[in-house]
Amino acid sequence: MKAVIMAAGQSTRTYPLTLTRPKPLLPVANKTILEHQLDALPPSVDGVVLVVGYRSEMIRERFGSAYGRLSIEYVEQTERLGTGHAILQCARYIDEPFLAMNGDDLYAAADLARLSQAGQAALVMIIEDPSLFGIYETTPEGRVIRLVEKPKEIFSKLANIGAYVFTPEVFRVLRETPRSERGEIEITSAIQQLADEDDFRVVTAEGYWLPIGYPWKLLDATAYWMDHFFVEGIEGEVSPQATLSGPIFIGAGTVVKAGAVIEGPVHIGKDCIIGPNCWIRPYSAIGNGCRVGQGSEIKSSILFDHAAAPHQNYVGD
């Protein structure tokens with residue numbers, strides 16, 4: 001089975017962070033969004049088709065042709081004509097049922113595994129106010145009756161969250177799907193046709209769903225990850241005069257100097273210099289090659305690789 005990950009967009013909502021990199025390379029707990037997604041794919045998935053576009057060379061350079069057990073192929077979406085158009089670009093690579101998912105959302109591995117076994121289906125989340133999403137009306141057995149994008153009338157709490165399992169039949173439907181008022185081929189329109197023609201179902205998410213729609217959502221996702229999946233470890237050098245408490249990870253080659261106070265959960269990457277006499281507070285993620293110097297305080301923040309708060313800086317939230 002293959003998975004299609006749609007990662008071509010420019011993501012202006014996450015400016016200025018995505019001025020210098022595509023959104024899938026933004027970090028959550030010192031691991032890129034795309035790495036989190038690849039790690040969550042079920043064992044039945046052995047290959048990935050990445051639909052790329054904006055700054056695609058950075059993704060290709062980072063991941064190459066494989067990620068662990070997963071082979072990686074790339075499809076360039078030269079025109080941004082919607083999610084349906086993105087999936088349609090993958091037709092020549094796929095001849096069996098496949099997963100498809102947004103390139104900027106994090107999904108629980110168990111939910112993706114259940115979705116992958118569902119034939120034709122969409123992953124949904126029960127949300128009290130789903131007015132900003134597409135929502136599904138279903139039969140009691142979970143078969144889709146209709147899908148309405150951002151409805152004026154709320155008839156369901158089943159929100160579409162951008163992960164699907166399709167058969168190759170979807171490519172025929174997408175070729176027949178007219179463009180929307182936005183000039184795009186909407187995957188939601190194709191889902192409605194599939195539901196009208198055949199058995200298309202929903203799978204209700206039981207785990208997490210972490211959409212990264214805006215820069216501050218990286219902070220939310222990082223905090224969630226640290227609360228639920230943190231792995232402690234001290235690989236670097238820590239001064240006896242430093243104070244560490246709570247779950248902490250410190251990468252190889254990092255030096256924590258005297259007087260540094262680190263209150264976990266905190267994740268610090270490789271080859272950093274921390275201190276002296278600084279304070280790193282909970283839910284902070286310090287990337288590789290960073291510098292946090294004398295008198296600086298970091299609170300619930302993310303420092304990208306090679307960022308610096310050299311002395312007497314405050315970085316909060």
Side-chain angles (χ1 to χ4, degrees), residues 1-8 34 36-51 67 69-73 75 82-126 133-139 141-147 149 156 158-177 185-211:
M1 188 180 211
K2 290 187 177 181
V4 170
I5 299 179
M6 295 173 279
L34 187 49
H36 283 290
Q37 291 182 314
L38 295 174
D39 288 341
L41 292 175
S44 57
V45 173
D46 57 7
V48 176
V49 181
L50 289 180
V51 183
Y67 178 82
R69 64 181 178 81
L70 299 168
S71 65
I72 297 179
E73 299 170 288
V75 173
T83 51
H85 179 264
I87 291 172
L88 187 55
Q89 306 312 299
C90 304
R92 66 182 182 277
Y93 294 90
I94 293 173
D95 58 5
E96 60 183 353
F98 65 100
L99 284 174
M101 52 200 283
N102 292 339
D104 53 2
D105 292 359
L106 303 184
Y107 306 96
D111 288 334
L112 292 179
R114 290 190 302 116
L115 178 65
S116 69
Q117 300 170 5
Q120 292 189 114
L123 191 64
V124 300
M125 178 75 76
I126 297 174
F133 303 91
I135 62 174
Y136 289 90
E137 180 184 2
T138 67
T139 67
E141 298 77 29
R143 181 171 179 173
V144 172
I145 298 172
R146 59 174 171 153
L147 168 59
E149 191 69 26
S156 163
L158 298 177
N160 187 42
I161 60 175
Y164 316 94
V165 60
F166 293 116
T167 70
E169 182 68 10
V170 72
F171 299 125
R172 173 191 64 81
V173 173
L174 287 169
R175 292 187 186 99
E176 297 172 356
T177 300
I185 300 174
E186 308 284 0
I187 193 61
T188 50
S189 299
I191 288 172
Q192 183 64 65
Q193 184 171 338
L194 288 170
D196 291 340
E197 293 179 356
D198 200 355
D199 187 4
F200 194 95
R201 295 181 176 262
V202 298
V203 173
T204 302
E206 298 174 355
Y208 63 86
W209 170 50
L210 303 174

Aromatic plane relationship, F98 with F166 - under 30° parallel, 30 to 60° tilted, over 60° perpendicular: tilted
On a heavy-atom basis, the closest approach of A91 and R175 is CB-NH2, 3.7 Å
Let me see the working for V144 and V202 under side-chain contact (heavy atoms from CB on, under 4.5 Å), right down to the final yes or no. CA-CA 7 Å; V144 172; V202 298; 3.7 Å; yes
To the nearest 0.5 angstrom, please state how far the CG atom of N160 sits from the CD1 atom of I135. 10.5 Å
Could you walk me through whether F171 and L88 satisfy the side-chain contact (heavy atoms from CB on, under 4.5 Å) test, starting with their C-alpha distance in whole Å, then the side-chain angles of each, then the deciding distance to 0.1 Å, before giving a yes or no? CA-CA 6 Å; F171 299 125; L88 187 55; 4.3 Å; yes
Which heavy atom of R172 sits nearest to which heavy atom of Q193, and what is that distance? NH1-NE2, 4.0 Å
Determine, step by step, whether E73 and L50 satisfy the side-chain contact (heavy atoms from CB on, under 4.5 Å) criterion, reporting the C-alpha distance in whole Å, the side-chain angles of both residues, the deciding distance to 0.1 Å, and the verdict. CA-CA 6 Å; E73 299 170 288; L50 289 180; over 6 Å; no
Would you compute the distance between atom CD1 of I187 and atom CG of L194 and round it to the nearest 0.5 angstrom? 7.5 Å
Using a cut-off of 6.0 Å, state whether more than 12 heavy atoms not belonging to I126 lie near its atom CD1. no
Non-hydrogen side-chain atoms of E186 and T177 separated by less than 4.5 Å: no
Determine, step by step, whether E141 and T139 satisfy the side chain to side chain donor-acceptor pair (under 3.5 Å) criterion, reporting the C-alpha distance in whole Å, the side-chain angles of both residues, the deciding distance to 0.1 Å, and the verdict. CA-CA 5 Å; E141 298 77 29; T139 67; 3.2 Å; yes
Looking only at heavy atoms, the pair that brings D199 and Q120 closest together is O-NE2, 3.6 Å
For L112 and A163 the tightest heavy-atom approach is CD2-CB, 4.4 Å
Return the CE to CD1 distance between M1 and I94, rounded to the nearest 0.5 Å. 9.5 Å
For A195, is there any backbone N or O sitting under 3.5 Å from a side-chain donor or acceptor partner on R146? no
How many angstroms lie between atom CG of L99 and atom OG of S44, to the nearest 0.5 angstrom? 6.5 Å
Exam field: side chain Y93 to backbone V4, donor-acceptor pair closer than 3.5 Å: no
Hey, what do you get for OH (Y136) to CZ (R143), rounding to the nearest 0.5 Å? 14.5 Å
Which heavy-atom pair separates A205 from M125 by the least distance, and what is that distance? CB-CE, 4.0 Å
Are any non-hydrogen side-chain atoms of V203 and V165 less than 4.5 angstrom apart? no
Give the intermediate values and the outcome of side-chain contact (heavy atoms from CB on, under 4.5 Å) for residues M101 and L41. CA-CA 11 Å; M101 52 200 283; L41 292 175; 3.9 Å; yes
By side chain to side chain donor-acceptor pair (under 3.5 Å) - contacts of Y208 (at least two apart): none
When you compare the side chain of Y164 with that of I191, does any pair of heavy atoms fall below 4.5 Å? yes
For the student: nearest non-hydrogen atoms of N102 and I5, plus distance: O-CG2, 4.4 Å
Working to the nearest 0.5 Å, report the span between OG1 of T204 and CD1 of I161. 9.5 Å
